[in-house]
Amino acid sequence: FKSAGKRFRDFKIITLFFFFLSIRSLNMTVALKLLIYMDYNATTPMEPEVIQIISEALHEAWGNPSSNYITGVTAKAIIHQSRQSVARMVGGKAEDIVFTSGGTEANNLVLHTAVEHFRKSRGAEEHGEGHQNGRAGLPHIITSDVEHDSIRLTAKHLQAAGKADVTCVPVSKVTARVEVEDIVAAVRPNTCLVSVMLANNETGVVMPIPEICQRVKSLNKQHERLRILLHTDAAQALGKVPVDVQELGVDYLTIVGHKFYAPRTGALYVNGPGTTTPLYPMLFGGGQERNFRPGTENTPMIAGLGKAAELVTANLSSYQSHMLIIKAYLEERLQDVFRDKIRFNSHYPGSDVLPNTCNVSILGPALQGWRVLSNCRRLLASVGAACHSASGHRPSHILLSCGVPTEVAANALRLSVGRGTTKEDVDAVVEDLRETVELLEQMN
């Protein structure tokens, strides 16, 4: 009987445990439904169609794409279809797409290639296979001071290792753009790469990439000058504004899936990889991706990337229109509620801005961005790039570079809306911010 009684007590304890666990899970589910996500520049959820295609690939295309039996052949066909879809999204050809693990790898691959191409070109000259044209010294890379860390820190590493010279061109404090003349002025005889992002992840400002490419290509026509390669990181622009590599004029373009409702994988567009445009691998192995990026392909994620690209190609106009309407409504409501206490850090005369990005500061000594967000009950957003979260509560260096005063930058909130954000979501977020600001001001 004692043994039976102990088992009964244990049964009651286990039952109560799972009861409270289920209640807690239910509460979390309800709480998540009440939360409103406005950090789509950090990452996006996968579209249902994308999840479905990934699931199908997991079940039906689990074979090695290099194998000749049915599951391998199926996987290879899916990869080919996805390559075509991604190429179509950016206006390139299927053979111009190299799949990578994501944007960081793609960006590193470009910088590595530029340095390696310079080294090989200089080596050929020293052996009499070309003309001497002032290329002596280290390869020189030009970028901006508002780039993503996967560009900024890679360039910094190359410089610290004595492998390259780097010029970070400051953006204009009036337009928050990299100005074309400043890029041209930074060019040296040994410049091998210009890498400028297509749109900034914090301000949403779109950079003048076509104009930069046009001017640099004019320089490339000069007799006996080293070709300057042209790269743009299009992570924030894809799925929000039209992106066409022919119109941009770039040699390389970085594609990041999780910014346009695809899985966390990516690709690099290269205009004629290994022929028209140099591309040197950083990894060596089984020869996949034409030896440019070896390693057994992640078929399901590539399938998801391809499906997400198809959705962008088919629906970009409606995506863009919806986000523009919602962002305009968000800014209007913020202005109505906070009036002279509001400062928009994404408004710059003469500059185009992404249709979904609103960087805003609510002015006040106790209203630092991190403090406001940590006290909001419903809003999920960030103070800037998620990659910079380890920098603590310091103001964004990107906003400071754009001329935003330190005390204003410290209060910045990056609100980025998505395809499914509604005006009701905006109303709830603005009310949440109003209540939070009122609370913090009372506490102060």
Ala235 versus Lys259, closest heavy-atom pair with distance: O-CB, 3.4 Å
Cationic N near anionic O, under 4.0 Å, Glu407 to Arg343: no
4.5 Å side-chain heavy-atom contact, His397 and Arg152: yes
Thr104 side chain vs Ser150 backbone, donor-acceptor pair below 3.5 Å: no
Gap between atom CG of Asp39 and atom OG of Ser416 - 0.5 Å precision: 5.0 Å
Working for side chain to side chain contact (heavy atoms under 4.5 Å, CB included), residues Leu433 and Cys376: CA-CA 7 Å; Leu433 285 170; Cys376 282; 3.8 Å; yes
Exercise: do Ser144 and Glu147 side chains pair donor with acceptor under 3.5 Å: yes
Rounded distance (nearest 0.5 Å) linking atom CD1 of Ile228 with atom CG of Asn190: 9.5 Å
Side chain to side chain, Tyr261 and Leu311, heavy atoms closer than 4.5 Å: no
Test item: Tyr40 and Arg419 side chains (from C-beta on) under 4.5 Å apart, heavy atoms: no
Heavy-atom closest pair, residues Ala303 and Ser82: CA-OG, 3.4 Å
Residue that, paired with Lys240, satisfies side-chain contact (heavy atoms from CB on, under 4.5 Å) out of Leu316, Val206, Asn356, Leu324: Asn356
Val115 versus Ala164, closest heavy-atom pair with distance: CG2-CB, 4.3 Å
Contact check, side chains of Leu198 and Leu238, non-hydrogen atoms, under 4.5 Å: no
Working for side chain to side chain contact (heavy atoms under 4.5 Å, CB included), residues Leu334 and Leu415: CA-CA 11 Å; Leu334 287 168; Leu415 307 178; 4.2 Å; yes
Among Leu158, Val110, Asp165, side-chain contact (heavy atoms from CB on, under 4.5 Å) partner for Ile141: Leu158
No-hydrogen, no-angle side-chain donor-acceptor test under 3.5 Å, Asn107 and Thr254: yes
Short side-chain to backbone donor-acceptor contact, Thr265 and Thr100, under 3.5 Å: yes
Under 3.5 Å side-chain donor-acceptor pair for Glu56 and Gln52: yes
With Val98, the side-chain contact (heavy atoms from CB on, under 4.5 Å) member among Phe292, Tyr252, Tyr269: Phe292
Salt bridge present between Glu441 and Lys341 (N-O < 4.0 angstrom): yes
Minimum heavy-atom distance between Ala309 and Ser85, given as atom pair plus value: CB-O, 3.7 Å
Heavy-atom closest pair, residues Val194 and Ile212: CG1-CG2, 4.2 Å
Side-chain donor/acceptor of Asn201 to backbone N/O of Asn41, under 3.5 Å: no
Arg225 (side chain) donor-acceptor with Pro189 (main chain) under 3.5 angstrom: yes
Backbone N/O of Leu230 and side chain of Asp251: donor-acceptor pair under 3.5 Å: yes
Under 3.5 Å: donor-acceptor pair, side chain of His322, backbone of Thr421: yes
Criterion side-chain contact (heavy atoms from CB on, under 4.5 Å) against His140, the qualifying member of Thr167, Val166, Leu226: Thr167
Enclosure of Arg188 CZ (heavy-atom neighbours >12, cutoff 6.0 Å): yes
Pairwise side-chain contact, Gln320 with Val241, heavy-atom cut-off 4.5 Å (strictly under): yes
Asp233 side, atom CG; Ile151 side, atom CD1 - distance, nearest 0.5 Å: 6.0 Å
Residue Lys156 excluded, over 12 heavy atoms near NZ under 6.0 Å: no
Contact summary for Ala366 and Leu440, nearest pair of heavy atoms: O-CD1, 3.9 Å
Pro395 side chain near Val404 side chain, heavy-atom distance below 4.5 Å: no
Between Asp425 and Tyr37: side-chain donor-acceptor atoms closer than 3.5 Å: no
Test side-chain contact (heavy atoms from CB on, under 4.5 Å) applied to Phe99 and Arg83, Glu297, Glu105, the passing residue: Arg83
Heavy-atom donor-acceptor pair, Asp96 side chain to Gly272 backbone, under 3.5 Å: yes
Flag side-chain contact, heavy atom, 4.5 Å: Ile79 against Thr299: yes
Residues, nucleotides or ligands: over 12 heavy atoms within 6.0 Å of Arg290 CZ: yes
Under 3.5 Å: donor-acceptor pair, side chain of Thr113, backbone of Tyr280: yes
Rounded distance [0.5 Å steps], CG in Leu279 versus NE2 in His117: 11.5 Å
Gap separating the CG atom of Asn220 from the CZ atom of Arg215, nearest 0.5 angstrom: 12.5 Å
Criterion side chain to side chain contact (heavy atoms under 4.5 Å, CB included) on Leu253 and Thr232, from CA distance to verdict: CA-CA 5 Å; Leu253 182 138; Thr232 191; 3.7 Å; yes
Side-chain donor-acceptor contact under 3.5 Å, Asn108 with Thr154: yes
salt_bridge(Glu438, Arg434) N-O dist < 4.0 Å: yes
Distance, nearest 0.5 Å, that separates CD1 of Ile326 from SG of Cys358: 12.5 Å
Side chain to side chain donor-acceptor pair (under 3.5 Å) partners for Asn291, two or more places apart: none
Min side-chain heavy-atom separation Asn345-Thr203 under 4.5 Å: no
Ion pair Glu310/Arg88, N-O distance below 4.0 Å: no
Check: Arg414 side chain, Ser382 main-chain N or O, donor-acceptor pair, under 3.5 Å: no
Stepwise side chain to side chain contact (heavy atoms under 4.5 Å, CB included) check, Asn411 with Ile362: CA-CA 6 Å; Asn411 289 22; Ile362 305 170; 5.7 Å; no
Worked check of side-chain hydrogen bond (donor to acceptor under 3.5 Å, both in side chains) between Arg227 and Ser121: CA-CA 10 Å; Arg227 176 185 171 189; Ser121 298; over 6 Å; no
